[in-house]
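Nothing fancy with the numbering, it's 1 onward along the sequence. We count ligands from 1, going down the list as the structure has it; atoms in each ligand are counted the same way.
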Amino acid sequence: MKTPLLHERFPTHDPDWPFFRHLPLGERPTPVGRLSGLADGAAEVWIKDESGFGDLWGGNKVRKLEWVIAAALGRRSPTILTFGALGTNHGLATARFARAHGIHVALALVDQPLDEHVLLRSEQLEASGATIHRTRTKARTHLLAPWLILRHGRFVGGRFRPAYVLPTGGSSPVGMLGYVECGLEIAAQVDAGELPEPSHVVLPVGSGGTAAGLALGLRLAGLRTRVTGIVVNDRLPLDARRIAEMANRTARLLRRRTGDIRVTDLRPEDVTTTRDWLGAGYGHPTPEAERIIRDSRTIGGPELEPVYTAKALAALRDMNARGDLGDGAVLYLHTHGPR
Ligand SMILES: Cc1ncc(COP(=O)(O)O)c(C=O)c1O
């Protein structure tokens with residue numbers, strides 16, 4: 001039996017669950033298709049393209065924000081406080097979408113290697129209307145967080161509402177619901193014959209929420225597809241155990257909300273993560289990533305950037321050339337960080 005999408009299952013807002021809501025921000029389902037000429041090998045490569053979500057932003061941030069912004073509105077929070085590095089895609093997407101729904105965003109930003117892209121992002125962040133706190137290091141961010149939560153609170157309807165805290169990358173249990181939904185959407189596309197059931201889905205792992213939510217969604221839908229996460233961030237402990245733990249926090253939320261015992265926990269053995277394509281660290285270029293950016297441009301393939309998507313697709317290319325992904329179908333999730 002087809003598993004319904006979460007937003008179909010919970011179409012109306014339940015006042016008893018103010019933080020379990022959905023606010024549609026983009027067109028669904030996102031398209032799937034064959035991806036030829038970039039990562040050919042024993043397995044047939046398919047792409048699910050998460051880039052096209054409208055004018056404010058594209059990419060994987062939007063699905064998380066559909067649940068996060070709805071939750072902040074449900075809690076009547078005046079401000080979302082979130083975290084990232086200087087060139088944060090997540091911070092900019094949050095600032096733009098939240099503002100469009102009347103919520104202010106405050107950002108606590110740590111340093112990262114500066115390049116043209118990071119400088120441009122910083123300018124865009126300034127222009128987004130978000131309040132920016134350059135906390136520089138993780139330690140200082142932790143120290144300042146309690147003050148920031150109060151500093152960005154406000155009295156609303158006679159009650160003090162502190163800032164709504166959204167962890168790095170939007171990867172809270174609520175934010176991850178967006179990628180549970182994506183897993184269910186992939187299953188519906190397999191059911192509809194739009195793509196074969198993939199043996200693996202390969203994607204970049206920055207804070208882990210996309211991979212964790214997706215693994216849970218695929219499991220809920222009954223697919224055997226294995227999430228293979230390409231770790232691009234060395235600042236967080238992003239191994240399979242951590243991804244499974246994150247997925248299970250969302251599983252607990254879903255069990256509480258739905259009373260559905262089919263929402264079972266994931267084990268670390270259920271997902272794969274690798275740091276083999278990370279290079280010198282978060283935001284540092286690698287030759288494989290640079291090569292696949294050029295190759296994709298040459299053949300008119302997906303628009304890749306060096307921090308996330310190029311590292312993930314380069315990994316898929318190498319693994320497929322070695323035969324590590326079997327000889328079935330493999331899906332590349334194009335999380336898209338617009339340049
Ligand atoms: C383009 C892109 N892909 C992947 C990711 C990583 O997603 P997650 O933080 O859920 O692991 C990000 C996060 O910023 C991103 O911008």
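Checked for salt-bridge contact, Glu66 and Lys61 miss the test: no charged N lies under 4.0 Å from a carboxylate O.
One distance of note links CZ of Arg224 with CD of Glu197; it measures 4.5 Å at 0.5 Å rounding.
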Leu254 vs Phe20, side chain to side chain contact (heavy atoms under 4.5 Å, CB included): CA-CA, chis, key distance, verdict:
CA-CA 9 Å; Leu254 273 174; Phe20 198 107; 4.0 Å; yes
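Between Ile186 and Leu223, the shortest heavy-atom contact is CG2-CD1, 4.2 Å.
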Are there any N/O pairs under 3.5 Å between ligand 1 and the protein, and if so, what are their distances?
unit_1: ligand 1; atom_1: 3 (N); unit_2: Thr335; atom_2: OG1; d: 2.7
unit_1: ligand 1; atom_1: 7 (O); unit_2: Asn60; atom_2: ND2; d: 3.0
unit_1: ligand 1; atom_1: 7 (O); unit_2: Thr210; atom_2: OG1; d: 3.4
unit_1: ligand 1; atom_1: 9 (O); unit_2: Ser207; atom_2: N; d: 2.8
unit_1: ligand 1; atom_1: 9 (O); unit_2: Ser207; atom_2: OG; d: 2.5
unit_1: ligand 1; atom_1: 10 (O); unit_2: Lys64; atom_2: NZ; d: 2.6
unit_1: ligand 1; atom_1: 10 (O); unit_2: Gly209; atom_2: N; d: 3.4
unit_1: ligand 1; atom_1: 10 (O); unit_2: Thr210; atom_2: N; d: 2.9
unit_1: ligand 1; atom_1: 10 (O); unit_2: Thr210; atom_2: OG1; d: 2.6
unit_1: ligand 1; atom_1: 11 (O); unit_2: Gly206; atom_2: N; d: 2.8
unit_1: ligand 1; atom_1: 11 (O); unit_2: Ser207; atom_2: N; d: 3.0
unit_1: ligand 1; atom_1: 11 (O); unit_2: Gly208; atom_2: N; d: 2.8
unit_1: ligand 1; atom_1: 14 (O); unit_2: Lys61; atom_2: NZ; d: 2.9
unit_1: ligand 1; atom_1: 14 (O); unit_2: Tyr308; atom_2: OH; d: 3.1
unit_1: ligand 1; atom_1: 16 (O); unit_2: Asn89; atom_2: ND2; d: 2.8

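Inspection of the His7 and Glu181 side chains reveals an N or O donor paired with an N or O acceptor under 3.5 Å.
Its side chain outside the 4.5 Å cluster rule for every partner, Val156 clusters with none of the Ile, Leu, Val, Met, Phe, Trp and Tyr residues.
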